[in-house]
Each structure stands twice: as structure tokens, then as C-alpha cells.
J.: 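The following block contains the structure, expressed as C-alpha cells.
Every chain is numbered from 1 and lettered A, B, ... according to where its sequence line falls, protein lines coming before strand lines. Scope of the values below: all heavy atoms of this structure, side chains included, with no hydrogens, waters or symmetry mates.
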Amino acid sequence: MSAKKLIQSIKKGSKKKVILSIEKVKKEKDLIKLLLKDNNEEINGIIKNFSKKVSLKKGNEIELEKFKYDAKEKLIKIEEYSILEDEDEDENENEKEDEKENEDENEDENESEKENEDENEKENEDEKENEKEDEDENEKEEENENEKEDEKEIEDEKENENEKDQKEDKNQIEKEDEKEDEKEKEKEEENENEKEDKNQIEDKNQIENQIENEKEIENQIENEKEDKNQIENENQIENENQMEVESTEQSSQINFQEENCIYFSQLNPLLTQFDMKVRLVAKSDPKTYTIQNKTSKLLPLVLMDEKKQEIRATIFNDLIDKFISEIKVGELYLFSNGKIKLAERKYAPKNSIYEITFIPETKMQKLPEKYAENFPNIDFELVPFSKIESIQEQTLIDVIGILEDLSPLEKIEKSGEFSNFKRKGMLVNKDYQIDIQFWGSTAENIESTMKNYLDSIPRQEDKIPLVAFKQVRVMSYKGKYLTFTDLSQSYWGPNLPEAEEIKNFYLKNTMKKGLAQQIKTNTLTNLSYQDVGIDQRYLISKVNKLEDDKRNLPEFVFVQGMVAYMNKDLDKIMYPGCLNSHCSRKVVKNKDLWFCSNCKTLNKKCQYRYMIDMNIQDFTDSMWCICFNASGKRILGISADELMKLKEENNSQEIERIFDQALFKRYICKIRIQKHIYQEKEKVTNTLVYLDPLIERIREESRILIEEIKKLK
Amino acid sequence: MQFLTQRVNHSMLKDQVGKSVRFVGKVTHLQGNEAKLLSPDSVEVSIIREPNSLKYSSDFVEVVGTVNSNLSIKESQFVNFGNNFDLQTYNEMLQLSTQFPEIFQPDKQN
């Protein structure tokens with residue numbers, strides 16, 4: 001294991017030059033086996049694939065330029081090396097011979113590098129199969145990559161280095177000339193040597209360039225290794241290096257290049273290291289959640305860049321503590337490093353494509369406002385209330401209005417889980433108003449925030465609770481309403497042109513202070529039903545066709561039809577229901593009391609509710625629907641309790657009359673279509689959810705018919 | 001010749017001179033014998049009425065009568081159409097009625 005430590009210490013960069021002394025040399029057929037020593041630690045090494053004479057002796061010091069460590073066999077496989085020069089001339093000569101030979105070998109090795117690398121790669125693959133230790137595998141992978149890069153870099157840099165080092169080369173050439181003369185005298189007999197000398201004169205430039213290349217390549221390799229390690233692993237041992245690097249950076253002033261900052265539009269999932277100038281637009285409370293008995297927490301943020309794009313950023317678990325107290329909404333930051341992935345549509349502000357996750361290397365450093373010259377403040381895209389009705393559910397929008405009718409704080413308790421706070425309000429904007437819901441800490445604080453805002457206004461007449469909300473979600477339930485999300489933000493008394501308009505309108509139309517009861521309001525409730533487009537209107541024959549097909553069934557259809565037949569058996573069309581208006585379960589009579597299994601209450605009375613099977617017809621076809629209390633009451637004209645009374649009084653004439661007048665009246669009906677499986681067959685049920693007499697909707701109907709006629713052309 | 005009381009706009013009056021028509025419009029003037037209605041295509045048409053006829057009691061009125069050569073209508077009867085009439089939709093319908101005679105007019109061969 002000492003050898004391993006040696007290798008580790010070598011690799012960690014403390015020793016860029018690996019110099020080992022040779023203890024033993026053993027020459028075999030294809031290999032030279034060496035016992036190398038570094039201070040006190042010994043390691044085996046082999047040199048393979050040499051083509052020229054090698055004269056390594058005990059006591060020589062070699063510098064390893066290219067090598068690999070084989071953990072299984074515990075030896076270093078040396079590919080390139082050079083023998084270090086001493087000051088003695090004699091030794092120089094010997095060593096120069098050695099050097100030449102070494103350099104020749106280096107040359108050959110460089111020339112046949114590609115072949116070597118192929119073989120090396122094969123070796124690597126074998127080694128990978130054999131090895132089980134992660135570090136070694138990493139090392140080899142890196143070295144593979146390094147080799148490939150080396151090729152490219154050697155080619156790239158040869159040209160550069162040649163130009164730069166010409167002067168040095170000239171000096172060396174002169175020296176070498178002198179040396180060569182001496183050598184020639186000594187080795188006149190050997191032709192090969194002469195040739196080698198000549199070759200060496202010509203090639204020494206290249207060799208020395210290559211050596212310098214290789215040294216620089218080593219530098220680069222090490223730099224890139226550091227980079228790769230940062231990118232690849234969070235759990236590697238080399239985190240220590242990273243920490244050191246980080247601490248040195250933090251201690252210095254914010255040192256960044258503004259030109260290198262990117263915009264959100266330039267992000268892609270492959271990037272992890274980048275700089276961006278951002279403004280923090282939204283920040284909410286940390287949320288805890290449990291998955292499979294593991295609790296974790298997250299903190300969502302919204303960032304905005306110089307081009308008014310927005311993006312969601314999430315901090316998880318431990319990193320939250322690092323940032324939560326430091327970052328504030330509205331401030332300018334330099335955001336560095338993060339993980340990019342595709343955004344979830346539901347949470348993406350302004351339809352951003354990506355979202356960011358904080359990683360340990362992420363930094364948010366506060367920037368002085370001088371960088372914010374071109375940086376917009378928080379940007380609103382206000383939606384006029386008249387358009388809210390046509391916006392799809394779940395969309396995030398910005399709105400502005402006057403907050404009124406703030407309900408008291410409610411606590412919603414879920415069984416077993418944490419409870420949440422809720423508050424309702426009404427947002428008024430000229431002619432329109434819409435319900436809005438607040439949750440969590442916003443619900444808790446909004447009343448006091450509003451008070452503080454109003455207190456800050458000096459003049460009594462101006463004390464209007466005008467507020468702009470950013471990124472609230474449009475929801476639909478019997479009409480459209482708004483709800484606050486994690487990342488919605490409120491801005492009291494914003495300095496926007498729309499704010500002035502709303503204020504002026506409000507002031508004109510109030511006779512009294514406080515609530516403006518004189519404002520004409522078009523409530524946005526039920527609007528989802530009121531404005532029925534032609535696309536949702538069906539002929540009953542078409543509905544029946546769709547239902548036979550059972551594919552692509554719309555959830556709701558609107559039809560114009562009349563009730564052609566309904567069951568008149570009073571026992572079958574009514575059932576005793578729970579008194580609780582929210583619970584409509586059937587109650588069971590227990591002696592004199594009615595018991596509800598849902599609410600678990602006993603009551604003396606019950607509320608009868610309709611559940612009528614009826615047949616609806618238009619001029620094309622008929623369909624069967626079931627209708628419940630609200631619709632039944634509308635059709636028949638009386639409540640189920642009253643009908644029950646008539647039954648008990650045996651007033652058959654009145655009952656007859658009621659049913660007669662209910663039939664064959666034209667309504668616009670909203671029907672919900674549901675698929676379910678009954679006795680292994682797919683069945684479809686139609687529920688009559690809502691209906692309006694046609695007389696009340698003639699205008700709409702006329703328009704729809706006109707559109708239909710126009711289509712005929 | 002068949003007796004058809006066609007629903008007309010101001011633009012259709014010239015084709016129906018001497019014939020009986022139904023004309024719906026918004027009441028703008030009502031003075032004794034003469035009334036003025038705003039046609040669906042936004043032209044004022046004068047209506048000549050019987051001296052002792054009932055007054056119009058709603059904003060929108062349908063008048064049945066014959067067309068004079070000066071494109072006024074001599075009223076024979078009227079119906080109150082209430083105050084919430086969508087004249088624009090009615091106008092569109094009138095335009096379509098000329099384009100789709102098969103829908104709006106009974107079969108002439110019968």
C-alpha cells in the first residue's frame with residue numbers, strides 16, 4: 001500500500017515531476033524491470049515496447065513523464081521517461097548517450113504513440129475488467145482521456161511551441177554541436193550513432209519541444225483533472241482540493257468577468273459551471289416533505305436576468321441553511337454554478353424551459369448596484385380581469401387590484417400531517433372582482449402587511465389597499481379564482497400606470513369611505529359556464545356516437561334539449577340525505593333518528609334529495625342522464641322535501657301537475673360524462689350538472705346558430 | 001304568386017315594394033301617425049301608422065306592413081319585442097337568409 005500512497009502523492013500535484021531513483025535493473029526479453037525508490041518508498045516498474053538500446057543503471061535517477069499504475073500487479077508501467085543529467089562531463093557523456101537513446105525512444109514512442117495508445121487502450125480495457133478499486137479505474141479513465149487529448153494537444157501545440165522556442169533551440173543547438181563533436185570522436189565506428197546524432201540534431205528541436213509540450217500537457221492534464229473531478233463527483237476524495245480552492249476564492253473580493261456572464265437563454269443541461277447576474281424575485285418558506293420515511297426540505301426561488309427572463313431555482317436540504325439568511329428578495333447577485341434540468345411546466349415562471357438546482361459549488365454573491373444599470377427591477381405582465389375568464393386553469397399570471405373583504409385566518413387541519421393556514425379575499429379591479437386565496441405564512445401575515453402599508457400613507461383619501469400580485473395561479477371551480485403559490489409575491493402600492501387608473505376609478509365610484517359598494521361588479525364566478533363556446537355544444541346524436549366509441553370523450557358537453565321522460569315513482573327519485581349541506585350521503589333510519597355514516601351524526605330530521613333518471617331529447621337523438629338535487633329542483637320547480645310532503649298528503653293531483661309542466665321544456669344543459677367499469681364492461685354515465693332554460697340564453701343560442709349556418713358555406 | 005311576408009332589412013326594402021314585409025327595429029321616434037325605427041343595418045326607416053293605434057311599449061318592435069315606393073312601411077300590425085333585443089345578431093341572420101334561401105324560405109314549388 002505504500003506504493004499506492006506514493007502514486008497518490010504523485011498525482012495530487014505536489015510533485016509535478018516524478019523523479020525516482022533506480023535500485024535494481026533487470027533486462028528481459030521485452031521488458032526492463034526496475035526497482036524504483038522515492039525517498040523511503042519502493043515501487044516496481046517496467047518499461048515495455050522499447051526499440052532502442054536502454055542503458056539504465058543502478059543509481060540513475062529517472063524522471064517519469066508518462067506512466068501508468070497497475071494496482072493488481074503493483075507496478076508502474078513506464079511509457080516515457082528521461083534520465084536526469086548530472087554536472088560531471090564524463091557522466092554527461094554517458095548520460096548524453098543515454099539521453100540520445102532515451103530521446104530516440106521518446107521519438108519512437110511519440111511516433112508510434114498512436115499504436116501504443118491503441119494497445120494501451122486494450123490494456124486499459126483488460127485492466128478495467130480486472131480491477132475493482134474505484135480510484136484506479138478513475139485514474140485510468142482519466143489517462144485514456146488524457147491520451148486522446150494529448151494527441152490533439154501535441155499536434156496543436158507543436159506549431160506554437162516551435163515558434164516560441166526557436167531562440168532556446170538555437171542555443172541548445174550550439175551546445176549540442178560542441179557535444180556532438182566529442183561524441184563523434186568517441187563513436188566513429190558506430191554508423192548508427194552517427195546517424196542518430198544527425199537525426200538528433202535535426203530532431204532535438206522537436207524532442208525538446210515535445211518534452212516541453214509534455215510538461216505543459218502534464219500541467220494541463222492536472223488542471224483538467226481537477227476540473228473533471230469537480231464536475232464528475234460529489235463524493236470523491238478530492239473534495240478537499242475543491243474546498244481549498246473555494247476558500248481561497250471566497251477570501252478575495254468578488255472577482256468576475258462581466259463579459260463571461262450568461263443569460264438564462266444560454267443555459268443548457270450540460271452546463272454546470274457558469275456565472276450569471278441575477279435579481280432575486282421571489283423566495284418563500286422552506287417546505288418539508290417525506291418520501292418513504294425520509295424527510296427532506298426544499299426552498300424554491302425565482303431569479304430574473306437582465307433580459308427579463310425568469311427561472312425557478314431550488315435549494316435542497318443542507319444547502320438551505322447556507323443561503324436562507326443571506327439572500328433577500330429584490331437584491332442583485334452573482335449566481336455561479338448549478339445543475340440545469342428541464343422545468344416542470346406547472347411551476348415554470350413565464351414559461352421558462354429550464355430550472356436550476358443548487359449544488360455544493362453554487363455561490364450567490366451580492367453585487368453592488370452599479371451592475372444593475374441595465375437591470376430591470378421586478379417586471380410585471382399584468383393581465384386585465386376581463387381576460388381572466390379565457391385563461392386556462394393552472395396558468396401563472398400577474399394581477400393588480402384592490403384587496404377587500406379579507407376573511408379571518410382559518411386553520412386547515414389534515415389528519416396526521418401538518419396543518420396549514422388559509423385566508424380568502426376579493427381583488428377588485430374597476431368593473432371586475434375575483435376571489436383570491438392565500439396560504440401559509442402569506443395568509444398569516446397579509447393582514448398586518450396591509451395595515452403597515454396603509455399606515456405608511458399620510459393622506460386619508462389615499463389609503464387604498466392597492467396591491468400587485470406576481471405569479472398567482474388561476475384555478476377553476478364554479479368559475480375562476482386565484483390562488484397564491486410558493487413563489488407568488490405581493491407588492492403593495494406599486495408604482496405602475498395601471499395602479500393610477502385603478503385608484504382613480506375607485507375614488508370616483510365610492511360615495512363612502514372604505515368598501516366601495518357602488519362599483520358595478522361582474523363577478524367572475526360561473527363565467528366558465530356562462531360563456532359557452534360553440535366548440536362545446538353538441539348535438540345529442542353526436543354525443544351518443546362519442547359514447548359508443550368511448551374514446552376521446554370530453555369531460556363536459558353542452559346540449560340543448562328538453563326533458564322527454566322522467567321516472568315518476570316518488571320513492572325512486574328521492575332519497576333521505578344528511579342534513580349537513582356539504583355531505584349528501586344517504587342516511588339510515590335508526591329507530592327515530594337518522595344516522596349519517598360520513599359525518600357520524602344522528603339527527604331527528606333528514607333532507608330529502610333528488611336523484612332522477614331522465615331522458616333528454618333534441619331534434620337529433622335522445623340520451624339518458626341522471627340528475628341530482630340542484631338540477632332536479634330546477635326542473636320540477638319544488639324541493640324534494642316539499643314533494644315528499646305532497647306525497648304524504650296524498651295530493652296526487654298536484655304531483656301530476658308538477659310533473660306535467662316539467663316535461664318538454666327547452667334547456668341548455670351541462671352534462672358530465674364519466675367512464676366506469678361495471679361487471680367487466682366499460683360503461684358511460686351522464687350526469688346533468690347544470691341547466692338553464694333556453695329563454696334565459698336566447699342571445700347566446702342565436703349566435704351559436706348563426707355560427708353554425710356560416711359553417712355551411 | 002305566393003304570399004310571403006319576408007323578414008327584411010333596409011337594404012331589402014327596394015326589392016319588396018308593394019309587398020308585405022316584417023321589419024324589426026329600434027324605436028327612435030314615435031309621434032302620432034309616424035314612427036321611425038332604426039333598422040338592423042343602421043338606417044332609419046319611417047313607419048306610417050293608423051291614427052288610433054296602440055303605442056309601441058318597448059324599445060324594439062316588429063312591424064308587419066307593406067312597402068311604399070319611397071321605402072317607408074305602412075304598418076298593419078306590430079309586436080313588442082322587449083328591451084333586450086340583439087339587433088346585430090338579427091342583422092347577421094338577415095344577411096344569411098339571403099345566402100341560404102333553402103333554410104329561410106319555404107319551398108316555392110309547394
J.: How about CD on A:Gln653, more than 12 heavy atoms from neighbouring residues, nucleotides or ligands closer than 6.0 Å, or not?
T.: no
J.: Heavy-atom count around B:Glu34 CD within 6.0 Å, excluding the residue itself: above 12?
T.: yes
J.: Count the heavy atoms of every other residue, nucleotide or ligand shown that sit under 6.0 Å from CZ of A:Arg634, and state whether that count exceeds 12.
T.: yes
J.: Apply side chain to side chain contact (heavy atoms under 4.5 Å, CB included) to the pair B:Thr89 and A:Arg699, showing each step before the final yes or no.
T.: CA-CA 8 Å; B:Thr89 314; A:Arg699 271 199 187 191; 5.9 Å; no
J.: Check this for me: A:Glu696, atom CD, are more than 12 non-hydrogen atoms of other residues, nucleotides or ligands nearer than 6.0 Å?
T.: yes
J.: So A:Ile709 and B:Phe104, do their side chains get closer than 4.5 Å, heavy atoms only?
T.: yes
J.: Any carboxylate oxygen within less than 4.0 angstrom of a Lys/Arg side-chain nitrogen, looking at B:Glu92 and A:Arg703?
T.: no
J.: With side chains defined as the heavy atoms from C-beta onward, is the minimum distance between B:Ile103 and A:Leu712 less than 4.5 Å?
T.: yes
J.: At a 4.5 Å cut-off on heavy atoms, which part of B:Tyr90 comes close to chain A: side chain, backbone, both, or neither?
T.: neither
